[in-house]
Amino acid sequence: MLDFDIINKMYPKAFVKYIGWLNSKIPKNGRSIYFSDSYLYYDKGTTTSIFNNNARDLFDFFDDYNIHIEVYKEQVLGNDTHYERWCFDIGLIISKGYVNRRLAEGAAFKQGFRILNKQL
């Protein structure tokens with residue numbers, strides 16, 4: 001969905017906030033999430049594994065910073081047929097034309113990181 005290495009390079013201040021936000025949401029018993037070699041890792045104290053986050057975390061993260069992301073399906077009418085496309089909006093930014101939800105969410109989250117980075 002997202003290339004965190006690119007997000008980290010393009011929007012470093014926002015990405016640091018995301019890692020901090022993730023760490024504030026997990027138990028405080030010595031565990032932490034950190035970024036290395038293009039992946040998020042989950043340190044359990046004695047072992048480390050790749051952390052599999054999900055899109056719900058990103059929606060919640062941006063909500064906490066008052067960046068509201070909406071992803072929805074829209075019917076696009078043509079001359080003879082219609083088709084469905086996934087869209088997103090973030091305030092005044094509205095996009096159309098993604099063939100699946102995953103692509104629309106990825107593009108929306110990139111915009112969210114861009115907006116947050118500008119605010120910081």
>> Walk me through whether F15 and F4 qualify under ring-ring contact (aromatic ring centres under 6.0 Å, His included).
In response: CA-CA 8 Å; F15 191 72; F4 285 122; 5.8 Å; yes
> Given F59 and V71, is the side chain to side chain contact (heavy atoms under 4.5 Å, CB included) satisfied, shown in steps?
Replying inline: CA-CA 10 Å; F59 282 109; V71 177; 4.0 Å; yes
>> If you apply the rule side chain to side chain contact (heavy atoms under 4.5 Å, CB included), what do you find for L2 with L58, and how did you get there?
In response: CA-CA 11 Å; L2 284 175; L58 285 162; 3.7 Å; yes
>> Does F35 form a ring-ring contact (aromatic ring centres under 6.0 Å, His included) with Y39? I'd like the steps, not just the answer.
In response: CA-CA 6 Å; F35 181 72; Y39 292 100; 8.5 Å; no
> Can you check side chain to side chain contact (heavy atoms under 4.5 Å, CB included) on Y34 and L40, steps first, answer last?
Replying inline: CA-CA 6 Å; Y34 63 95; L40 289 173; over 6 Å; no
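The shortest non-hydrogen separation linking A107 to F88 is CB-CE2, 3.7 Å. Listed here is the closest heavy atom pair of G112 and I67: O-CD1, 3.9 Å. Nearest heavy atoms, N117 versus P12: OD1-N, 3.6 Å. Shown here for E74 and C87, the closest heavy-atom pair between the two residues is CB-SG, 3.7 Å.
Separation of atoms CD (Q119) and NZ (K17) is listed at 11.5 Å; rounding is to 0.5 Å. S38 OG to I7 CD1: the interatomic distance, rounded to the nearest 0.5 Å, is 12.0 Å. In this structure, CZ on R85 lies 10.5 Å from CG on L103, to the nearest 0.5 angstrom. A distance of 10.5 Å separates CG of D3 from CE of M10, quoted to the nearest 0.5 Å. Distance check: R114 CZ to I90 CD1 gives 8.0 Å after rounding to the nearest 0.5 Å. S32 contributes atom OG, which lies 9.0 Å from atom OH of Y42 (distance to the nearest 0.5 angstrom).
Partners of K73 under the salt bridge (Lys or Arg N to Asp or Glu O under 4.0 Å) rule, at least two apart in sequence or in another chain, are E84.
Counted by atom type alone, W86 and N100 present zero donor-acceptor pairs between their side chains at under 3.5 Å.
When side chains are defined from C-beta on, F61 does not count as touching L22, because their heavy atoms never get closer than 4.5 Å. Contact of the Y18 side chain with the D57 side chain is registered, since non-hydrogen atoms from C-beta on lie closer than 4.5 Å.
In terms of modelled atom types and a separation under 3.5 Å, the side chain of N23 and the main chain of I33 share a donor-acceptor contact. Judged by distance alone, with hydrogens and angles left aside, the side-chain atoms of D89 form no donor-acceptor pair with the main-chain N or O of G91 at under 3.5 Å.
Under the 4.5 Å side-chain heavy-atom criterion for ILVMFWY residues, no single connected hydrophobic cluster contains both V16 and F113.
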